Asker: 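Below is one structure. I have some questions about it.
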2 protein chains.
Amino acid sequence: MTTNDGGQITERKRGSGVKMVYDLLRDEILDLKLVPGSPIDEVQLAARFGMSRTPIREALVRLAGDGLIETLPNRSTLVSNIDFLNMHAYFDALVLMYRVTTRLAALHHTTDDLHLIRGLQDEFAAAVQAQDALGMIATNAGFHSAIAAAGRNHYYASFFERLLVDGRRILRLYYQSYEDQLPSRFVEEHAEIIAAVEARDVAAADRLGKIHAEQIVEQINRLLTRYQSSDIQL
Amino acid sequence: MTTNDGGQITERKRGSGVKMVYDLLRDEILDLKLVPGSPIDEVQLAARFGMSRTPIREALVRLAGDGLIETLPNRSTLVSNIDFLNMHAYFDALVLMYRVTTRLAALHHTTDDLHLIRGLQDEFAAAVQAQDALGMIATNAGFHSAIAAAGRNHYYASFFERLLVDGRRILRLYYQSYEDQLPSRFVEEHAEIIAAVEARDVAAADRLGKIHAEQIVEQINRLLTRYQSSDIQL
DNA sequence: TGTATTTTTCTTGTCGACAAGGCTCTCACG
DNA sequence: CGTGAGAGCCTTGTCGACAAGAAAAATACA
C-alpha cells in the first residue's frame with residue numbers, strides 16, 4: 001500500500017508544494033485510486049512528498065472545503081464516500097445546470113467562445129474515437145465547462161463545475177460501461193448543441209441541454225440499477 | 001483600527017480555535033466591519049486571539065475557499081471586493097434558486113419542516129417589527145435556508161446558501177435602505193409562500209418564489225442606481 | 001534632481017518538535 | 001467468561017522559530 005511514487009526531493013518553488021499535493025490528491029480521489037472511505041495519513045503524505053506536514057495540512061483543508069475528504073476531529077481524515085442515496089437530487093441539479101448554462105451560452109457567447117468550444121468538442125470526439133474513458137471524462141467536462149463559461153455567469157459556472165467534479169467519480173463508472181459500444185451519439189448531440197448556441201436559439205439550446213443531460217442520467221441510472229438492485233427514484 | 005476585542009486568554013478546547021476565528025472573521029467580513037480590500041495580517045490576528053499563526057492560517061484558507069478573502073502569493077491577503085459588475089449574473093442565479101428551492105419544498109416538505117419554517121417566519125416578522133436590520137438579514141436567510149432544506153436537495157441547498165452568504169454584504173446595504181418604510185410586505189409574501197408550500201401547490205410556490213426574488217432584486221437595483229448616480233464609492 | 005541599485009523591513013511559507021485527544025490492547029476483577 | 005479501568009500508541013492540533021519573496025526605504029550615481 002505504501003507506494004513511494006512521486007518522492008522526488010527536488011527544490012520546489014515556495015508556494016508550489018500545496019498546489020501540487022492538492023492537485024495530485026484531488027486527481028487520485030476522483031480517479032478512484034484512493035477508494036472512498038480509506039484513511040489519509042498526514043505524516044505518510046509528508047514523507048511521500050518530502051515536505052513538512054504544514055503544506056500537506058493546507059492541501060487537506062482545501063480538499064475538505066471541496067467535500068472530497070472528511071476530517072473527524074482529533075481522529076482521522078478519510079476520503080468522502082459517494083452519496084448514492086441522494087443521487088436523484090444530484091441528477092436533478094445536473095440537468096438544470098446543463099439547461100441553464102447552455103441557454104445562457106446561446107445568449108451571451110462570443111466568436112472566441114465558439115472557437116474554444118469547437119476545439120474541445122474535437123478533443124472529445126478524438127477521445128471517443130480512441131476509446132479513452134478517462135480522456136472522455138476530461139474532455140466532456142471541459143466542453144461543458146467552456147459552454148458554461150460562455151454563458152458569462154460565474155455563479156452558475158462555478159456551481160456547475162462543482163457538480164461535474166462531484167460527479168466525476170460516478171462518471172468514471174459510467175464511461176467504463178461503454179467499453180463495447182461507445183457513445184458516438186454524444187458527439188452528435190454536442191454538435192447540435194454547438195449549432196443551437198451559434199444560432200443563438202435559446203429555446204433549442206435549452207431543449208438540447210435538457211435532452212443531453214437526461215440521456216446521461218438515464219444511462220447512469222441504468223448502470224446503477226444493474227450494479228445494485230435497489231430502486232432509484234428520479 | 002487595532003481594536004483589541006476578543007482577546008481573552010482562556011483555555012480553549014483543542015479544535016475550537018479555528019472555528020472561532022473562522023466564524024468571527026466571516027461575520028466581520030459579511031457585516032462590513034472589515035471593509036472590502038482591506039488587508040488581513042496573520043500575526044495581528046494571532047496576537048488578538050492569543051494563539052499561534054497556524055490555526056489562524058487554517059481559518060484563512062477556509063475563508064479563501066469561500067471566496068471571502070483573496071490571498072496574493074508571498075505578499076498579503078485581503079478582504080474580497082464586492083463584485084458589482086456581475087451583479088446581474090448574481091441576481092439571475094438568486095432568482096432561479098429562490099424558485100427551485102421553493103418549488104422543491106412544496107414537493108418534499110414534511111410537517112416538521114413546516115413547523116421550523118413557521119418559527120423562522122415569526123422571528124423574521126419580529127425583526128421587521130423591531131426594525132432590526134441585521135436581525136432581518138439573518139432571519140430572512142434562515143427562513144429561505146429552511147425552505148431549501150425542506151426541498152431535500154443538498155446540492156441546491158448548499159449552492160443557495162453560498163449565494164445568500166455571497167450576497168449578505170449587498171443585502172446589508174439593501175436592508176439599510178428600509179430605515180423609513182419597512183418591508184412588512186415581505187412578511188406577507190413569506191406567509192403566501194408558506195401557504196403554497198403547505199398546500200403542495202408546486203406552480204404557486206414557483207411563481208411566488210420568483211415574484212419574491214424579483215422584487216428584492218428590483219429593490220436592490222434601485223438602491224444601486226441611486227448610489228451609482230450619487231457617485232458614492234464603497 | 002531624477003533614476004537605478006542596494007539594503008532594509010515586513011509578511012508569508014515551511015519546518016521540526018511537542019502536547020492533547022482518542023483508539024486499542026492488556027489486565028484485573030466480578 | 002464477560003466487563004470495565006488503565007497504559008501505551010498513534011494521529012492530529014498547536015507552537016515558536018527560521019527562511020524566502022516582495023514591497024518600501026535608503027543610497028549611489030548621472
Side-chain angles (χ1 to χ4, degrees), chain A residues 1-2 6-25 29 34-80, chain B residues 1-2 6-25 29 34-80:
Chain A
M1 268 302 179
T2 60
Q8 297 151 359
I9 318 180
T10 47
E11 274 303 308
R12 268 172 278 92
K13 265 170 285 180
R14 197 165 150 82
S16 70
V18 178
K19 180 174 165 46
M20 168 191 296
V21 175
Y22 172 81
D23 286 339
L24 204 108
L25 280 184
I29 292 173
L34 291 175
V35 299
S38 61
I40 293 183
D41 187 2
E42 295 177 1
V43 300
Q44 193 172 326
L45 288 174
R48 171 178 167 190
F49 289 101
M51 60 177 72
S52 166
R53 272 178 53 222
T54 309
I56 304 283
R57 221 138 192 295
E58 181 175 332
L60 292 185
V61 170
R62 297 240 289 263
L63 287 171
D66 294 340
L68 294 181
I69 65 176
E70 281 168 34
T71 156
L72 312 186
N74 278 322
R75 227 171 312 167
S76 64
T77 137
L78 22 97
V79 180
S80 295
Chain B
M1 270 301 178
T2 60
Q8 297 152 359
I9 319 180
T10 47
E11 273 303 309
R12 268 172 277 92
K13 267 170 287 179
R14 197 166 149 80
S16 70
V18 178
K19 178 171 167 50
M20 169 191 297
V21 175
Y22 172 81
D23 287 338
L24 205 108
L25 280 183
I29 292 174
L34 291 174
V35 298
S38 62
I40 294 182
D41 188 2
E42 295 177 1
V43 299
Q44 193 172 324
L45 287 174
R48 172 178 167 191
F49 289 101
M51 60 177 72
S52 167
R53 274 178 52 224
T54 309
I56 305 283
R57 221 137 192 297
E58 181 173 332
L60 293 184
V61 170
R62 297 239 289 261
L63 287 171
D66 294 340
L68 294 181
I69 65 176
E70 283 169 31
T71 156
L72 312 185
N74 277 322
R75 229 172 310 166
S76 63
T77 138
L78 25 96
V79 181
S80 295

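Chain naming here is simple, since letters A, B, ... match the order of the sequence lines and numbering starts at 1 in each. This one's a predicted model, so the numbers in the text were calculated from it and none came from an experiment.
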Asker: Quick check on DNA chain C: between A:R53 and A:K13, whose nearest nucleotide comes earlier from the 5' end?
Answerer: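 So the residue in question is A:K13.
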
Asker: Once you round it to whole Å, what is the distance between C1' of D:dG13 and NZ of B:K19?
Answerer: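 Atom NZ in B:K19 sits about 17 Å away from atom C1' in D:dG13.
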
Asker: Taking all non-hydrogen atoms of both residues, which atom of B:I40 and which atom of B:L60 are closest, and how far apart?
Answerer: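 Looking at all heavy atoms of both residues, the closest pair is CG2-CD2, 4.2 Å.
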
Asker: Grab the CG-P distance between A:D41 and D:dC10 for me, whole Å please.
Answerer: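 A:D41 atom CG is separated from D:dC10 atom P by 11 Å.
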
Asker: Just wondering, do B:R57 and A:T54 contact through their side chains at under 4.5 Å, heavy atoms?
Answerer: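 Counting from C-beta outward, A:T54 and B:R57 never come under 4.5 Å.
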
Asker: Contacts to DNA chain C from residues 72-79 of chain A, heavy-atom cutoff under 4.0 Å, which residues?
Answerer: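 Contacts with DNA chain C under 4.0 Å: A:N74, A:R75.
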
Asker: For B:D23, give me all partners under side-chain hydrogen bond (donor to acceptor under 3.5 Å, both in side chains), at least two apart in sequence or on another chain.
Answerer: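 Expected list: B:K19.
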
Asker: Could you pull out all residues at least two apart from A:R75 that satisfy side-chain hydrogen bond (donor to acceptor under 3.5 Å, both in side chains)?
Answerer: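 side-chain hydrogen bond (donor to acceptor under 3.5 Å, both in side chains) check on A:R75 returns nothing, list empty.
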
Asker: Does A:P36 have any side chain to side chain contact (heavy atoms under 4.5 Å, CB included) partners at least two apart in sequence or in another chain, and if so, which?
Answerer: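 A:P36 satisfies side chain to side chain contact (heavy atoms under 4.5 Å, CB included) with A:L32, A:N81, A:I82, A:R169 only.
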
Asker: Can you work out whether A:V43 or A:R14 has the more 5'-proximal nearest nucleotide on DNA chain D?
Answerer: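 The answer here is A:V43.
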
Asker: Return the 5'-most residue of the pair B:T54, A:I40 with respect to DNA chain D, ranking by each residue's nearest nucleotide.
Answerer: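 Per heavy-atom nearest nucleotide, the more 5' residue is A:I40.
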
Asker: List in numerical order all residues of residues 56-69 of chain B for which some heavy atom is under 4.0 Å away from an atom belonging to DNA chain D.
Answerer: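 Hits under 4.0 Å, by residue number: none.
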
Asker: Using whole Å, report how far CD of B:Q44 lies from P of C:dT11.
Answerer: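 To the nearest whole Å, that distance equals 9 Å.
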
Asker: Could I get the full list of side chain to side chain contact (heavy atoms under 4.5 Å, CB included) partners for A:V43, not counting sequence neighbours?
Answerer: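 Result, side chain to side chain contact (heavy atoms under 4.5 Å, CB included) vs A:V43: A:D41, A:R53.
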
Asker: What closest approach, in Å, do A:S80 and A:G67 show between heavy atoms, and which atom pair accounts for it?
Answerer: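 In this case the closest contact between A:S80 and A:G67 is OG-O, 3.0 Å.
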
Asker: Identify the heavy atoms of B:K13 and B:S16 that sit nearest to each other, and give their distance.
Answerer: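 Residues B:K13 and B:S16, closest heavy atoms: O-OG, 3.0 Å.
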
Asker: Closest to the A:T71 side chain: D:dG13, C:dC15, D:dT14?
Answerer: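 Nearest nucleotide to the side chain: D:dG13.
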
